[in-house]
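Every heavy atom of this structure was used, including side-chain atoms; hydrogens, water molecules and symmetry mates were not.
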Amino acid sequence: MEQKPNQWRFLNTHFGNAFFNMAVDEALVRAVEEGVALPTVRVFGWTPPAVSFGYAQRVAREVDLDRCRAQGIDIVRRPSGGRAVLHWNELTYSVVCPGKDPLLGGTILEAYRKISACLVAAIQRLGAEAALESRRQPVPSPRSEHLTSPCFSSTTQYEVTLQGKKLIGSAQRRLGDMLLQHGSLLIGPDHKRIVDLLPEHQEALQARFRRELDRHTISLQEVLNCPISFEEVADALRLGFQETLGVPLIEAPLSSGEASEAERLVCEKYGTDAWNFKDREKDLRVTRRIIS
């Protein structure tokens, strides 16, 4: 695909299951890297609700798998890092572009700041006074030998906040020369239900995590005091990116090649137990030793 300078695509894949959602992100990385797709801002939702985990987390020690399955909640491992997130009543965005893209590329922190500025503009269009967290907040250490705190229980520099509370949780990864960042924008407070999925005999931690989520997170519905739809938020996000970047976002669906690649990745990777439940913390330690 011949790309004009600073030309981007906006892609709304609406609602899909956890495995499809993660597979599409990786398929987009490959398509943009190969030059057959424009750099892309994507939005999507989750049906059914799902818990996603950071690449190096041990899934079984973070939530009760049987409880998730009994409630019809999907479980998937993200290709990016970070902590566990319950995707429920939210809009998830992803940004895929070369790491040196003139608009949203740069170092990890530079790209994070640029993307967050676009997100702030989007939220402000909805009538909420979003802001960027300017300081590095201390990240809570794991509360237990076997359990880490949920993603939304802490705020880091350049994350998007409302009334001093976290509204969007994001994670970024560099895949070769490519940038992939995705994050959850809370429409309602349902993300807090993750504490009900903790392993058994964690009552004290459950109460503590619930307090942390109440104290540190907020949703659009809580601020606007009215229902707001996924499509309203999606449209605001498109306009927020477009106005902040100063370039049009061309609305286009998945190509047939991207859809086929996503289907393959669901079957061979994101929909498999080998990807979702294998201990990848060991793989990450090996990779770090090789790099160092």
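Partner S80 forms a side-chain hydrogen bond (donor to acceptor under 3.5 Å, both in side chains) with one of H182, R174, Q181 and no other, that one being H182.
The salt bridge (Lys or Arg N to Asp or Glu O under 4.0 Å) search around D74 returns none, not counting sequence neighbours. Not a single ring-ring contact (aromatic ring centres under 6.0 Å, His included) links F10 to another residue, sequence neighbours left out. Contacts of K114 classified as salt bridge (Lys or Arg N to Asp or Glu O under 4.0 Å), with partners at least two apart in sequence or in another chain: none. In this view, F15 and F230 satisfy the ring-ring contact (aromatic ring centres under 6.0 Å, His included) rule, not counting sequence neighbours. Contacts of R67 classified as side chain to side chain contact (heavy atoms under 4.5 Å, CB included), with partners at least two apart in sequence or in another chain: D64, Q71, L197, E200. Every residue meeting the salt bridge (Lys or Arg N to Asp or Glu O under 4.0 Å) condition with R264, not counting sequence neighbours, appears here in chain and number order: E261, E268. Looking at residues two or more places apart in sequence or on another chain, you find no salt bridge (Lys or Arg N to Asp or Glu O under 4.0 Å) involving R211.
With hydrogens and angles ignored, the 3.5 Å screen pairs no side-chain donor or acceptor of R238 with any backbone N or O of A122. In this structure, the side chain of T217 does not engage the main chain of D214 through any donor-acceptor pair within 3.5 Å. The backbone N or O of V195 lies less than 3.5 Å from a partner atom in the side chain of Q206, making a donor-acceptor pair. No side-chain donor-acceptor contact under 3.5 Å links E62 to the backbone of V59.
In this structure, M178 belongs to a hydrophobic cluster whose other members, linked by side-chain heavy atoms under 4.5 Å apart, are L11, F20, V24, L28, V29, V32, V96, L175, L180, L254.
The list of salt bridge (charged side-chain N to carboxylate O under 4.0 Å, His left out) pairs with a residue in residues 34-51, not counting sequence neighbours, reads D25-R42. Under the side chain to side chain donor-acceptor pair (under 3.5 Å) criterion, the residue pairs touching residues 116-132 are R125-E243, with sequence neighbours excluded. Residue pairs meeting the ring-ring contact (aromatic ring centres under 6.0 Å, His included) criterion with at least one member in residues 59-92, sequence neighbours excluded, are W46-H87. Applying the salt bridge (charged side-chain N to carboxylate O under 4.0 Å, His left out) test to every pair with at least one member in residues 222-234, sequence neighbours left out, gives no pairs at all.
A salt bridge links R193 to D190: one of the charged nitrogens lies within less than 4.0 Å of a carboxylate oxygen. Using a cutoff of 4.0 Å between basic side-chain nitrogens and carboxylate oxygens, E251 and R9 are not scored as salt-bridged.
Counted by atom type alone, T92 and E90 present one or more donor-acceptor pairs between their side chains at under 3.5 Å. With 3.5 Å as the limit, one finds a donor-acceptor pair spanning the side chains of Y93 and S170.
In this structure, CD1 in I218 is found 14.0 Å from NZ in K166, a value given to the nearest 0.5 Å.
Tracing side-chain contacts under 4.5 Å through hydrophobic residues (I, L, V, M, F, W, Y), one never reaches I115 starting from I108; they form parts of separate clusters.
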